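Below is one structure, written out as structure tokens; the observations come after it.
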Amino acid sequence: MEKVDRLGWTAGLSFTAYGLSVGIRTNDAEVLERVLSLLPPKWTPNESTVVESLFSLRVGKPSNRPGRRNYHLLYFGAARLARSLNMDEVCDILENYLQLTIAYWAREDHLFVHAGVVGWRERAIVIPGRSFSGKTTLVSALIQAGATYYSDEMAVFDPHGRVQPYPVPLSVREAGGKCRMTPDAFGGCEGREPLPVGLVVVTEYHEGARWQPRPLTPARALMALLDNTVAARRDPKVSLPILQRVVETSSAFKSKRGEAAGVVASLLALLQAVTPTQRPHDRNTEEQKRAHDSKRIDHKLS
Amino acid sequence: MIANESTTSSLEGPIQCPHARGEVDDLVVQEIYDELVVYDLRRHKVHSLNATASLIWRWCDGQTLPEQVAQRLTGQLGIPPGSGRVVSLARPRPARAG
């Protein structure tokens, strides 16, 4: 760590998010403005210069010596996370690590699960899944259908099992790379209040796949959420009861899916059919019957 | 006597699950309606037990014989007599998932 300390830091910022204090120091004060845009939702400035997690971002200045290139360097504590000539790449890595560090070390009243989340009529649809599973596409399609945006990255559960807004800009992948978009680009808005979960949807995009939602038992739904929980191993005695509250008040389904547009109406109908007081595995809704019947029809939903 | 002879050798004597062996400190057991999710803190493995497996898990107390477990299953879930195979499938290793 002493080696990193000696690199010469001239500016920095300190903040707290979800109970964790984080510092970011740099050798170039101008880069801090960009760093601010990478911070997670609900961060608040921190007066203290002593933090629990410290990132160090060294900006590689242009060199006067021919053939010599100064790399941008990013450290977390003493560990080097990135060495690149491309500042966009370094900022992406910083943003990812900030998010994961906070998700892992968040205080007990917040449990972070990799998931897309939208709100619909006072209840949330949670779509657990890793990167590249198609969360953002499905979330943006749901927003276009009138849902409220909560997150395309993380479901943040409180101790009551309600999901809180974590409104980072949607990270839409395009041919030219990632593009950040706010929900109003899809005609929607951000949710403000915590919501009880109505529907857990375990799904992944597969080209040409048919949408055939099968109900999951609450225990299986909990397993799917736990599989995507950032701090699953850190303290299961805390995370399991929170996830239990989530699955006991919601219904869960699993299916591969094709294009998001072909799934949205079905998801909203499934959510509408959920009555919070019903035992999830006792349900036999019209939508489930339709889903069952659709297995017999050999067609692809576009 | 257990109906399925191929499993009799492993089903003689009372059945013990980790909770009966005093290993409860290493487990987080979450009850969700009639199912269980069991988290093994030592190995960081999670198991999901359906309703039948959950009942068998609870009866694996080191006192109850497999035949008695089978009888209780018949009584509680209507599983036909001779459900030794069900007991044997659930007993040694709960279905692992995730």
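Reminder, nothing fancy here: chain letters follow the sequence lines and each chain counts from 1. Bear in mind that the values here come from a model prediction, so they are computed numbers and not experimental data.
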Which atoms of [X] approach chain B - backbone, side chain, both or neither, heavy atom under 4.5 Å:
X: A:Leu222; result: side chain
X: A:Ala224; result: neither
X: A:Leu226; result: side chain

Exercise. Output all residues satisfying salt bridge (Lys or Arg N to Asp or Glu O under 4.0 Å) with A:Arg162, sequence neighbours left out; order by chain, then residue number.
Key: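 If we apply the salt bridge (Lys or Arg N to Asp or Glu O under 4.0 Å) test to A:Arg162, skipping adjacent residues, the hits are A:Asp158.
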Self-check item: Residues B:Asp26 and B:Arg42 bridged, charged N to O under 4.0 Å
Solution: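 Salt bridge present between B:Asp26 and B:Arg42.
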Quiz item: Between B:Glu31 and B:Arg58, is there a side-chain N and carboxylate O pair less than 4.0 Å apart?
Solution: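 A salt bridge links B:Glu31 with B:Arg58.
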Quiz item: Residues two or more places apart in sequence or in another chain: which of them pass ring-ring contact (aromatic ring centres under 6.0 Å, His included) with A:Tyr149?
Solution: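 Scan of A:Tyr149 (ring-ring contact (aromatic ring centres under 6.0 Å, His included), adjacent residues dropped) gives none.
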